[in-house]
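Lettering of chains follows the sequences in order, A, B, ..., and the numbering in each one begins at 1.
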Protein chains: 2
Amino acid sequence: MSLRVLRPNGPTLVPTPRAGSGAVAEDTGCGGCLVRHLAVCAALPVEQARTLEALAGDIPLRAGEVLAREGDARREVFTVTSGALRRIRLLADGRRLVAGFLMPGDFIGFSGASHYRHSIEAVTDSSLCAFSMQDMRSLCSRHPELERELLERACVELDNTRANLMSLARMTPLERLASFLLDMDGRRRRQGHGGDEVILPMPRTDIADYLGLTVETVSRSFTRLRQDGLIATEDPHRVALKDRKRLAALAEMPA
Amino acid sequence: MSLRVLRPNGPTLVPTPRAGSGAVAEDTGCGGCLVRHLAVCAALPVEQARTLEALAGDIPLRAGEVLAREGDARREVFTVTSGALRRIRLLADGRRLVAGFLMPGDFIGFSGASHYRHSIEAVTDSSLCAFSMQDMRSLCSRHPELERELLERACVELDNTRANLMSLARMTPLERLASFLLDMDGRRRRQGHGGDEVILPMPRTDIADYLGLTVETVSRSFTRLRQDGLIATEDPHRVALKDRKRLAALAEMPA
DNA sequence: CGAACAGTTGATTCCGTTCAAATCTGGTGG
DNA sequence: CCACCAGATTTGAACGGAATCAACTGTTCG
């Protein structure tokens, strides 16, 4: 009933090109892509499915494995097709930041830098769809809709990241956690899931490093929200939102 | 020798369309634009100067005046041509965040939302060049280079905002301030200024709300950096960087 | 069974906040 | 010109909340 266990620092990534070869894996090309409606590819006409497939590489990752390391040269961009990843950055003395979590449909590649500014690690077993930056650029010049879609998404990501600034700079631990839970809920809903249950695939450490707190404080905050009846937790990775109203009030979110 | 005094909350913005009318103001159209090389417009061919001018509106702001309020409908995008502005957001109980500062050449308009998520206020007397979002969209469809430039800039802004996350989540007051000073220095340099002097047009309160600290802590951090010989300050708005190396070490920046 | 690790809970410490006050500056009006 | 005021900045003292240190529980996996 629980999720996969994390294994600390897996070896390295072995990108797996896919083009043209007789695929042993699932038969679903872009046409049957489960996250197409969530992904940037949706900006392209369906007839382009073949072209896309030819350019795309499929990358499976086991929990804990590293897709890219901070400092590596950026050569590809990705769309998450399943699982969950984290974007992390370390200071010399070990202080850690989780700059964000990446879920199915999310695009990885909005950066103006030539090298990764964060490592990208799989939180759970995941898979991604990869394009070389070159291919992506040429796709963009042929399909302005794609570039427009990318800009639109970059803007939304910027909105979200700016919202996180408020959380980190001025909100209390309880408020940050409420905010985080509602955010995760929103993402889950956008993926078509319903109900009041939020799934948190990541360990408490990741939540702490995402919210700028310690694990202990995060744990105490969960306990507090539970005691106050805002949430219920059968298992640390499954949280039931019991009182959306008060959660939203804590997070100071519109709804 | 000092900068303009801030006046708290000026009245409101009175946008000033400019197209076609016999301009009383400075004769410099886009051709003579002082920030053209810094602005997104640089992506357009020079022959387009006339077209741009016809679409652009000039907006002068006095220190403290508000360009846009959180919650207002977004109808225009802007390029800062002079001065300095801040992007702010308030919580119900008055807690304040400065999500960023906007300097000459900066583009204001990277957001996926239909309404402003932050208020934009002038820190000092400023001026901006305004385009309706409609005009901007049509310019983009005619000139893919412009859309590419916008995407590129949105990505860079995302990089910078993500870097701020680390500052807010995990760095000490001293490190945050060092980081901020080097950042401001970098922006000043990119505008063509040299020397070791950084100009901080904003009051300490803004710096505090930007770094997620109190004014007192910011002030103490300045004092500390001064005592340790990393900086010198003749006046609160002018800071001389005395020891870039140690500042960079504090900020954990590459250089 | 025992080791390793995630998560929770408790006790104590410490850093940044809060509260308070002094200093300095520029601007105003007598 | 100078006294005075308002706001910005700095400095000091005390407090408090999250970090730190530590211990315990529960689960997974060898």
Side-chain angles (χ1 to χ4, degrees), chain A residues 1-10 62-64 86 91 93-98 123-124 167-177 200-227 231-239, chain B residues 1-10 63-64 86 91 93-96 98 123-124 167-177 200-227 231-239:
Chain A
M1 188 62 73
S2 79
L3 302 171
R4 282 151 222 75
V5 175
L6 294 183
R7 287 168 311 115
N9 277 11
R62 306 280 295 283
R86 59 183 164 246
L91 292 182
D93 61 4
R95 280 174 288 175
R96 196 177 86 130
L97 170 78
V98 171
V123 172
T124 62
S167 179
L168 292 172
R170 290 298 182 214
M171 294 172 78
T172 66
L174 224 56
E175 291 168 339
R176 295 184 205 188
L177 184 54
L200 305 177
M202 71 293 289
R204 295 289 188 261
T205 322
D206 285 354
I207 300 179
D209 289 337
Y210 178 71
L211 298 180
L213 304 167
T214 57
V215 215
E216 294 92 328
T217 301
V218 168
S219 179
R220 282 185 247 271
S221 301
F222 269 109
T223 302
R224 180 87 184 281
L225 288 182
R226 202 183 314 118
Q227 286 172 343
I231 62 170
T233 60
E234 345 170 351
D235 126 45
H237 292 286
R238 296 163 150 270
V239 178
Chain B
M1 189 63 71
S2 80
L3 302 172
R4 282 150 224 77
V5 175
L6 294 183
R7 288 167 310 113
N9 276 12
R86 58 183 165 246
L91 292 182
D93 61 4
R95 279 174 289 175
R96 194 176 88 127
V98 172
V123 172
T124 62
S167 178
L168 293 172
R170 291 299 182 214
M171 293 171 80
T172 67
L174 224 57
E175 292 168 339
R176 294 184 205 187
L177 184 55
L200 304 177
M202 70 294 291
R204 294 289 188 259
T205 322
D206 284 354
I207 300 179
D209 289 338
Y210 178 71
L211 298 180
L213 304 167
T214 58
V215 214
E216 293 93 330
T217 301
V218 168
S219 178
R220 282 185 248 271
S221 301
F222 269 109
T223 303
R224 180 85 183 283
L225 287 182
R226 201 183 315 116
Q227 288 172 341
I231 62 170
T233 61
E234 348 170 349
D235 125 45
H237 293 285
R238 295 164 151 268
V239 178

**Request:** Look up atom CG in B:Leu200 and atom CD1 in B:Ile207, then write down how far apart they are to the nearest 0.5 Å.
**Result:** 5.0 Å

**Message:** Looking only at the side chain of A:Pro203 (C-beta and beyond, no hydrogens), which of the listed nucleotides D:dT9, C:dG7, C:dT8 gets closest?
**Reply:** C:dG7

**Item:** Heavy-atom side-chain contact between A:Val218 and A:Ser221 under 4.5 Å
**Value:** no

**Request:** Please identify each residue that fulfils side chain to side chain donor-acceptor pair (under 3.5 Å) with A:Arg226, with sequence neighbours left out.
**Result:** A:Thr233

**Prompt:** Could you give the CZ-to-P distance, from A:Arg226 to C:dT8, as a whole number of Å?
**Reply:** 6 Å

**Prompt:** Tell me: CG of B:Asp235 to P of D:dA8, nearest whole Å?
**Reply:** 15 Å

**Prompt:** For A:Pro236, what residues pass the side-chain contact (heavy atoms from CB on, under 4.5 Å) criterion, not counting sequence neighbours?
**Reply:** A:Arg204

**Atom-pair distance (CZ on A:Arg224; P on C:dT8), nearest Å** = 16 Å

**Asked** Please, which pairs that meet salt bridge (Lys or Arg N to Asp or Glu O under 4.0 Å) have at least one residue in residues 213-225 of chain B, sequence neighbours excluded?
**Response** B:Arg224-B:Asp228

**Item:** Side-chain N,O (A:Thr205) to OP1/OP2 (C:dA6) below 4.0 Å
**Value:** no

**Spacing of B:Arg95 atom CZ and B:Asp93 atom CG [to the nearest 0.5 Å]** = 4.0 Å

**Complete:** Expected string for nucleotides 11-24 of chain C under the B/S/- scheme (protein heavy atoms, under 4.0 Å, primed atoms plus P, OP1, OP2 as sugar-phosphate) is B----SBBB-----

**Complete:** A:Thr223 meets the side chain to side chain donor-acceptor pair (under 3.5 Å) criterion, sequence neighbours left out, with none

**Prompt:** For the helix from C:dC1-D:dG30 to C:dG30-D:dC1, how many degrees between its two end axes (five pairs per end), to the nearest 10°?
**Reply:** 30°

**Request:** Quick one: closest heavy-atom pair of A:Leu213 and B:Arg170, and the distance?
**Result:** O-NH2, 2.6 Å

